[in-house]
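Okay, so here's the structure we're looking at.
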Amino acid sequence: MKITSWNINSVRLRLPLLEQVFATVAPDVICLQETKCVDDQFPTEAIADMGYPYQAYRGEKSYNGVAILSRLPLRDASHELWAGKEDCRHISAIVNDIRIHNFYIPAGGDVPERDENPKFGHKLDFVKEVTAYFAAQDQGSAVMVGDLNIAPLAEDVWSTKQLRNVVSHTDLERERLLSLIAKGGWHDAIRGHFGPEEILYSWWSYRARDYRASNRGRRLDHIFVTNDLADKVTSAEIFAEARGWEKPSDHVPISITL
DNA sequence: ATGGCAAATTGAATTTGA
């Protein structure tokens, strides 16, 4: 079973690119973030016609929004609310007896101080709650994917020194995400596949004149599997070429095969 | 540490992303 995660940055605008991803990456299940539309506007039929009729999604106007699209039957779709908000940043469902959790963790704003910037506090609280949620239960075999908006390792950014005080790579965020992985019994399947030395990015800013030339990326998107599944990850990929497509998302699809 | 961009909403400017 191939599972992909992609921050699509508007599912309506990039519906043709979603079809491209289906054609080239060929996932069995894809988890989207930042769909940016309410459920009534979600292109259910068009995506079903592309071969992915099993769907679960939660969206809101303009912001956030998550979806799980599958060509295999999907059951028990559900979600939790986090950090005292009702925003659409999480959805989960079971495919092939494995529960898949799809997250869009808050970006966290600009200033890495919760007193000055409530968005940063929201992000920290969100990660803490997710950590506690998974630490409190033996969840069996599960997968956690999404745009987690944190690059935890030095090898996950173009310059660990220059990004030290930049939200997504501060020490506090890095510690919190590594703690989430450890306490939840997760295995970082993408990093595990490529090894500790490889420089890995899943996001490149729109602001670079030439993203390929500047190559100032960050690994903000992740796929974790519970430790019992670690040995069953037979491949992993970061589909970087999607960043070079016409009208791309600033994130690229990442995948594992179980 | 910023910002050369982008999307959605609402009506040319604002919010959000990271």
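Labels below follow one simple rule: chain letters A, B, ... track the order of the sequence lines, proteins then strands, and each chain is numbered from 1.
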- [ ] Give the intermediate values and the outcome of ring-ring contact (aromatic ring centres under 6.0 Å, His included) for residues A/His222 and A/Phe224.
- [x] CA-CA 6 Å; A/His222 299 278; A/Phe224 305 152; 5.6 Å; yes
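Nucleic acid contact for A/Tyr104: sugar-phosphate only, since backbone atoms but no base atoms lie under 4.0 Å from a heavy atom of the residue. If you check every strand for non-hydrogen atoms under 4.0 Å, A/Arg164 touches nothing. Among the heavy atoms of the strands lying under 4.0 Å from A/Asp147 are primed sugar atoms or P, OP1, OP2 only; no base atom is included. A/His169 comes within 4.0 angstrom of nothing in the nucleic acid, heavy atoms only.
Distance from the side chain of A/Glu34 is smallest for B/dA18 among the nucleotides B/dA7, B/dT16, B/dA18.
Side-chain contact of A/His169 with A/Thr160: a donor-acceptor pair under 3.5 Å is present, judged by distance alone. Between A/Ser141 and A/Thr226, the side chains place no donor N or O within less than 3.5 Å of an acceptor N or O (distance only, hydrogens not considered).
Between A/Asn149 and B/dA18, a side-chain N or O to OP1/OP2 separation shorter than 4.0 Å is present. OP1 and OP2 of B/dA8 both lie 4.0 Å or more from every side-chain N or O belonging to A/Lys61. Residue A/Lys36 has no polar side-chain atom (N or O) positioned under 4.0 Å from OP1 or OP2 of B/dG17. A sub-4.0 Å separation between OP1 or OP2 of B/dA18 and a side-chain N or O of A/Lys119 is absent. Regarding contacts with the backbone of B/dG17, every side-chain N or O of A/Asn7 stays at 4.0 angstrom or more from both OP1 and OP2. Taking side-chain N and O atoms only, A/Ser62 has no distance below 4.0 Å to OP1 or OP2 of B/dT15.
In this structure, A/Glu60 places its CD atom 14 Å from C1' of B/dG17, rounding to the nearest Å. A/Asn64 places its CG atom 17 Å from the P atom of B/dA7, with the value rounded to the nearest Å. Whole-Å rounding puts the A/Arg219 CZ to B/dA18 C1' distance at 16 Å. Rounding to whole angstrom units, CG of residue A/Leu13 and P of B/dT9 are separated by 11 Å. Residue A/Phe42 contributes atom CZ, which lies 14 Å from atom P of B/dA8 at whole-angstrom precision. A/Asn117 has its CG atom 14 Å from the P atom of B/dA18, to the nearest Å. Per the geometry, CH2 belonging to A/Trp203 stands 13 Å off P belonging to B/dG17, to the nearest Å. Remark: C1' of B/dA6 and CD1 of A/Ile8 are 15 Å apart, rounded to the nearest angstrom.
The 12-atom threshold is not exceeded at CZ of A/Arg164, counting heavy atoms of other residues, nucleotides or ligands nearer than 6.0 Å.
Of the two residues near DNA chain B, A/Thr35 and A/Ala107, the one whose nearest nucleotide lies more 5' is A/Thr35.
Interatomic distance, CG of A/Leu200 versus CD1 of A/Ile238, reported as 4.5 Å (0.5 Å rounding).
Using atom P as the reference point in both B/dA1 and B/dT14, the two lie 27 Å apart (nearest Å). Using atom C1' as the reference point in both B/dG11 and B/dA7, the two lie 16 Å apart (nearest Å).
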Would you tabulate the pairs of protein nitrogen or oxygen atoms and nucleotide nitrogen or oxygen atoms of nucleotides 1-5 of chain B closer than 3.5 angstrom?
{"residue": "B/dA1", "atom": "N6", "partner": "A/Gln162", "partner atom": "NE2", "Å": "3.1"}
{"residue": "B/dG3", "atom": "N9", "partner": "A/Arg207", "partner atom": "NH1", "Å": "2.8"}
{"residue": "B/dG3", "atom": "N7", "partner": "A/Arg207", "partner atom": "NH1", "Å": "2.9"}
{"residue": "B/dG4", "atom": "N2", "partner": "A/Arg209", "partner atom": "N", "Å": "3.1"}
{"residue": "B/dG4", "atom": "N2", "partner": "A/Arg209", "partner atom": "NH1", "Å": "2.6"}
{"residue": "B/dC5", "atom": "O4'", "partner": "A/Tyr206", "partner atom": "O", "Å": "2.8"}
{"residue": "B/dC5", "atom": "N4", "partner": "A/Arg207", "partner atom": "NH2", "Å": "2.6"}

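Evaluation of the salt bridge (charged side-chain N to carboxylate O under 4.0 Å, His left out) test over residues 133-151 of chain A, restricted to residues two or more places apart or in two chains, returns none. Listed by first and then second residue, the side-chain hydrogen bond (donor to acceptor under 3.5 Å, both in side chains) pairs that reach into residues 17-31 of chain A are A/Asp28-A/Arg71, sequence neighbours excluded.
Here the closest non-hydrogen pair linking A/Trp158 and A/Leu163 is NE1-CD1, 3.5 Å.
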